[in-house]
Amino acid sequence: VLVPDPTLQLILDLVGIFVFALSGAIVAIRAGLDALGVLVLASVAGLGGGVLRDVLIGHLPPAALRDWRYLVVSLGAGILTFVTYRRVRDFRQPVRLSVTGAIQLFDAAGLGVFAVTGTVKALAAGLGPLPAALLGVLTAAGGGALRDVLAGQVPIVLQRELYALPALSGAVIVVVAQRYGFYDPALAIGAAAFVFVFRVVALRYDWHAPRVGTA
Amino acid sequence: VLVPDPTLQLILDLVGIFVFALSGAIVAIRAGLDALGVLVLASVAGLGGGVLRDVLIGHLPPAALRDWRYLVVSLGAGILTFVTYRRVRDFRQPVRLSVTGAIQLFDAAGLGVFAVTGTVKALAAGLGPLPAALLGVLTAAGGGALRDVLAGQVPIVLQRELYALPALSGAVIVVVAQRYGFYDPALAIGAAAFVFVFRVVALRYDWHAPRVGTA
Amino acid sequence: VLVPDPTLQLILDLVGIFVFALSGAIVAIRAGLDALGVLVLASVAGLGGGVLRDVLIGHLPPAALRDWRYLVVSLGAGILTFVTYRRVRDFRQPVRLSVTGAIQLFDAAGLGVFAVTGTVKALAAGLGPLPAALLGVLTAAGGGALRDVLAGQVPIVLQRELYALPALSGAVIVVVAQRYGFYDPALAIGAAAFVFVFRVVALRYDWHAPRVGTA
């Protein structure tokens with residue numbers, strides 16, 4: 001069984017919550033929601049995946065309810081987005097980033113971090129390699145899926161872009177590393193970064209998985 | 001730790017289930033669903049928030065599955081709505097209430113009751129003040145959000161009206177009262193009434209939280 | 001308390017997962033999703049109902065995460081559908097089956113199997129007859145509802161067809177059989193078949209429950 005480094009897990013979790021909460025807050029603002037809707041959607045996006053993970057491994061109440069920092073970070077990301085949204089958007093940026101692009105970027109960062117921490121927590125809870133990888137993907141994709149369903153959109157994970165595959169590759173890296181005894185903080189951060197880069201490159205070059213032609 | 005009065009908790013829970021189930025049944029009828037769809041959506045709206053709460057604090061199986069009265073009350077509200085819908089609608093009412101208005105009114109009543117009972121159960125389960133208030137809001141908003149998502153609508157909690165704030169204010173009243181030792185049945189009922197009035201007044205006078213202009 | 005036959009339960013569970021996963025995969029292909037979206041929606045449809053059931057009775061982690069066969073069967077159904085979709089669709093079939101018809105047929109088969117296994121697991125977990133029947137219906141309808149909500153559609157269970165009633169009738173057969181001591185493998189398979197036939201006949205002859213006219 002993998003014994004995760006609690007400090008590293010906490011930091012990664014909070015980073016993942018922060019970036020996912022940013023994505024939720026931007027989705028909320030673009031959908032015309034008010035300040036409270038922004039906070040709700042930021043929290044759902046930031047905390048949803050981890051709550052789903054904790055429920056499924058039976059760690060109840062979930063970390064998001066036991067550790068006040070989880071909620072504070074997601075609310076903080078919501079408030080920050082609400083307050084700075086127009087200023088950041090209208091700032092003359094070196095690289096012009098669309099609103100959709102910003103959502104995708106923050107979402108990709110959260111995807112990477114949660115794919116790693118979700119898999120690590122699942123392994124630490126005694127799950128086998130395949131279920132642990134699955135739970136990593138669920139943790140990574142769950143908050144964003146809840147965010148999109150609540151906002152009345154088809155979840156990114158079901159759209160025609162590589163999304164589950166980057167998350168799965170990060171989860172597999174963690175599972176293999178744990179199996180052969182070379183899981184360490186550097187590998188965790190490297191795996192999260194790999195997922196992020198994989199996802200962003202796939203978006204940039206419009207990579208996608210094959211599809212069945214229904215014509 | 002708060003030791004809640006079990007009889008009061010049960011009565012409030014059943015009242016909240018009843019009014020939320022009424023809201024679910026009306027949403028279902030307006031969406032053209034049949035008798036069984038009405039019962040399903042009444043149960044989802046009535047029981048959803050409490051089930052979510054019980055799952056998150058690890059009280060499994062949830063009260064809705066352990067206590068047959070929970071299900072009977074929500075099914076009863078569904079049947080009552082189905083049978084009397086047209087008669088009530090066509091009755092010459094002293095104050096004419098639109099269908100949307102009826103949904104909002106029942107939903108507001110459930111919001112108040114569940115914000116209180118959810119927070120009380122969370123405190124009794126040993127959660128800290130912030131998570132307990134959060135769980136109170138989740139309990140209050142969860143059933144309605146499930147109802148709306150299943151009916152293919154954006155949840156009320158994300159629309160541009162004060163919804164989460166009244167629920168949160170009720171939860172905070174309970175947390176503060178428990179902290180300073182003056183929580184009692186009268187306060188519980190008063191806090192639920194306060195949430196209800198706050199929500200209805202906010203609807204009536206079209207109060208809303210600020211929004212980021214995206215123009 | 002009902003002591004279920006573990007082999008029969010496993011076989012029925014895997015059959016239910018397989019057919020629900022087929023329905024999820026077809027919904028995904030028809031919605032234009034790529035190979036990974038097909039696998040995700042197949043898994044959600046195949047595993048969703050059972051995970052919901054296990055969470056609610058507190059069997060955590062859920063069977064879908066403890067037993068690798070659950071995931072393998074749902075992924076296998078997704079891959080099979082993806083690879084053979086066009087060939088099967090274009091094959092000159094003795095009885096021409098529309099895509100919607102295929103979804104409904106696989107969904108009906110899963111509905112029957114899960115109504116039975118869900119109720120059996122709930123009784124084995126010590127739940128009373130009414131909650132056990134409710135959990136059977138939830139298990140049967142849950143995966144399909146998640147599938148439809150994620151794909152941006154109103155769930156079948158809320159559409160104007162008999163859906164919850166066949167599932168409920170299967171659950172009631174199991175509850176009654178257990179109560180009077182004649183539950184056995186043959187009855188379990190018979191009850192699942194009854195639900196399937198009931199649902200298919202209701203579709204074929206356009207049976208439906210009464211509805212409130214809102215005109």
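Each chain gets a letter, A, B and so on, in the order the sequences are listed, and its residues count up from 1. Predicted model, so just to flag it, every value in this text is computed and none were measured. Atoms considered below: every heavy atom in the structure, side chains included; atoms not considered: hydrogens, waters and symmetry mates.
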In the structure I gave you, are the side-chain heavy atoms of A:L65 and B:L127 within less than 4.5 Å of one another anywhere? yes
Hey, does B:V154 have a side-chain heavy atom less than 4.5 Å from the side chain of A:L150? no
Is it the side chain or the backbone of B:V149 that comes within 4.5 Å of chain A heavy atoms, both, or neither? side chain
Please classify the contact of B:L134 with chain A as side chain, backbone, both or neither, using a heavy-atom distance under 4.5 Å. side chain
Taking atom CG of A:D34 and atom NE2 of B:H208, what is their separation to the nearest 0.5 Å? 8.5 Å
Contact between A:L60 and B:L60 at the side-chain level, heavy atoms closer than 4.5 Å - yes or no? yes
B:R66: what forms a salt bridge (Lys or Arg N to Asp or Glu O under 4.0 Å) with it, not counting sequence neighbours? none
Does any backbone or side-chain atom of B:L168 lie under 4.5 Å from a heavy atom of chain A? Answer side chain, backbone, both or neither. neither
Please classify the contact of A:V99 with chain B as side chain, backbone, both or neither, using a heavy-atom distance under 4.5 Å. neither
Could you tell me which portion of A:V38 (side chain, backbone, both or neither) has an atom closer than 4.5 angstrom to a non-hydrogen atom of chain B? neither
Give every residue pair that meets the salt bridge (Lys or Arg N to Asp or Glu O under 4.0 Å) criterion with at least one member in residues 141-157 of chain A, sequence neighbours excluded. A:D107-A:R147
More than 12 heavy atoms from other groups under 6.0 Å of CZ on B:F182: yes
Is there a side-chain contact between B:L56 and A:P62 in this structure, where contact means two heavy atoms from C-beta onward sitting under 4.5 Å apart? yes
Any B:V212 side-chain heavy atom under 4.5 Å of A:F82 side chain: yes
